[in-house]
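Before any comments, here is the structure.
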Amino acid sequence: MRIPIRPRLWMPLLLGCSILNIALPLARGADLAGKREIIKKARAAYYSLRSHGLDEFEASVQPNWRLVLKDQLAQDPAGAAEGLKMLNGIHFQVSLGRDGAVKITHHEDVAPTNPKAAEGFQQIFSGMEQAMSGFFDSWSPFMLTSPFPEATGEYTLEEVNHQYLLSYKDGPAAIATTMSQDLVITEIKVDSPQFKSVLKPQFSKSAQGLLLAGYEANYQGAADGQSVTLNVRVENQPVNGFQLPHKLNLDGSYQGTPFQMELAFSDYQVKSH
């Protein structure tokens, strides 16, 4: 005799299987939605010039040549003073365009008087361009746009040692960002075909979001092995309602050779919408 299957026995089993089949994708969807919400909040926590309407700017940049020549001033005051007079006659301008590209230009009050002086000037121009271009490359993600991918983009986000670890690709570069649970970035690692770097930013709080206040960084060239270490401090200033660099202090080393530089930004011309 066949024993009938009682509904009260198999219905809970069937319902349980159905709920399981529905709950698993919902859990994955909830997890994805949660991660997207974290990235969305992280993007909103940082100051962004673009989101505040900045289109482009130009500014004058004045290096502190006394700081650059401090050793020469101590060893040969008269000779260094003459060099200081020539250096103070060099005027630098920095511009940031709508496309995010930064250009550094210059003009001199007095042209170099001989080939050796001309070569020295060219080295100064090249060094200033590299220093400022390198700074704005690091500054832009934190102050101009966002240091995070789009919330709907492709990335992985996980909790490691009570911190968030965000991993994603930007072209050929692999980026790993570590941030606290209150969404403050503590470290960004970049592994690209051209270089590897570790950047540890510092921030100041404002009503409009976190402002970049400085960073420590190490860069290692992939092909030539050249290494650069940097310690950068940034003072910001309000210009037409935008937070823009006022003073920049850089010290570090290039291939083991130390350097120190201080730049002051003024006479801003800003375009916005």
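What's counted below: heavy atoms across the whole structure, side chains too, no hydrogens, waters or symmetry copies. As the structure is a computational prediction, the values presented were derived from the model and not from experiment.
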Checklist entry - Checking ring pair (Phe, Tyr, Trp, His ring centres under 6.0 Å) for the pair Y46/F203: CA distance, chi angles, key distance, verdict? => result CA-CA 9 Å; Y46 289 75; F203 302 96; 5.2 Å; yes

Next on the checklist: Pair S253, T229 - check side-chain hydrogen bond (donor to acceptor under 3.5 Å, both in side chains), show working.
Outcome noted: CA-CA 5 Å; S253 65; T229 63; 2.8 Å; yes

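A donor-acceptor contact under 3.5 angstrom links the side chains of Q93 and S60, judged on distance only. Residues Q237 and K247 bring no donor and acceptor atom of their side chains to less than 3.5 Å of each other. Side-chain contact annotation: Q181 with E159, donor-acceptor N/O pair under 3.5 Å present.
Less than 6.0 angstrom separates the ring centroid of Y47 from the ring centroid of H52. With ring centers used as reference points, Y168 lies 6.0 Å or more from F148. Under the 6.0 Å cut-off for aromatic ring centres, H246 and F265 do not qualify, their centroids lying 6.0 Å or more apart.
Without hydrogens or angle criteria, S227 side chain to Q220 main chain gives no donor-acceptor distance under 3.5 Å. Remark: the backbone N or O of L250 is not paired with any side-chain donor or acceptor of E262 at under 3.5 angstrom. The closest donor-acceptor contact from the side chain of N231 to the backbone of G214 lies at 3.5 Å or more, if one exists at all. Not one N or O on the side chain of T178 forms a donor-acceptor pair closer than 3.5 Å with the backbone of L165. T177 places no side-chain N or O within 3.5 Å of a backbone atom of I188 that could act as its donor or acceptor partner. Side chain of N161 to backbone of Q163: no donor-acceptor contact under 3.5 angstrom is found.
Here the closest non-hydrogen pair linking V234 and F135 is CG2-CE1, 3.8 Å. Residue P193 comes nearest to A222 through the heavy atom pair O-CB, 3.1 Å, listed as atom of the first residue, atom of the second, then distance. Residue I39 comes nearest to P149 through the heavy atom pair CG2-O, 3.5 Å, listed as atom of the first residue, atom of the second, then distance. The minimum heavy-atom distance between L69 and A80, with the atom names listed, is CD1-O, 4.1 Å. Heavy-atom minimum distance, L73 versus A81: CD2-N, 4.2 Å. Contact record, S192 with A173: CB-CB, 3.8 Å, taken as the closest heavy-atom pair.
Rounded to the nearest 0.5 angstrom, W65 CH2 and K70 NZ are separated by 15.0 Å. Here the straight-line distance linking atom CE of M261 with atom CG of N249 works out to 11.0 Å at 0.5 Å rounding. A distance of 11.5 Å separates CG in N240 from OH in Y268, rounded to the nearest 0.5 Å. Note that OG of S180 and OH of Y164 are 9.5 Å apart. Values are rounded to the nearest 0.5 Å. Going from atom CE of M86 over to atom CD1 of I124 covers 8.0 Å, rounded to the nearest 0.5 Å. Rounding to the nearest 0.5 angstrom, the gap separating the CG atom in N88 from the CG atom in D109 is 9.5 Å.
Contact annotation: the side chain of L166 never approaches that of T156 to less than 4.5 Å [non-hydrogen atoms, C-beta and beyond]. Side-chain contact between M132 and L248 is absent, with no heavy atoms from C-beta onward closer than 4.5 Å.
Put simply, L87 and F259 are part of the same group of oily side chains (I, L, V, M, F, W, Y) that touch within less than 4.5 Å, one to the next. Linking ILVMFWY residues whenever their side-chain heavy atoms come closer than 4.5 Å, directly or via other members, places F125 and L84 in the same cluster.
The side chain to side chain donor-acceptor pair (under 3.5 Å) analysis of residues 127-142, with sequence neighbours excluded, yields the pairs S126-Q130, S138-Y219. Residue pairs meeting the salt bridge (Lys or Arg N to Asp or Glu O under 4.0 Å) criterion with at least one partner in residues 226-241, sequence neighbours excluded, are R233-D251.
A salt bridge does not link D55 with K271: none of the charged nitrogens is closer than 4.0 Å to a carboxylate oxygen. A salt bridge is absent between K200 and E216: the closest approach of a Lys/Arg side-chain nitrogen to an acidic carboxylate oxygen does not fall below 4.0 angstrom. Salt-bridge annotation for E158 and K35: absent, with no side-chain N of the basic residue lying under 4.0 Å from a carboxylate O of the acidic one.
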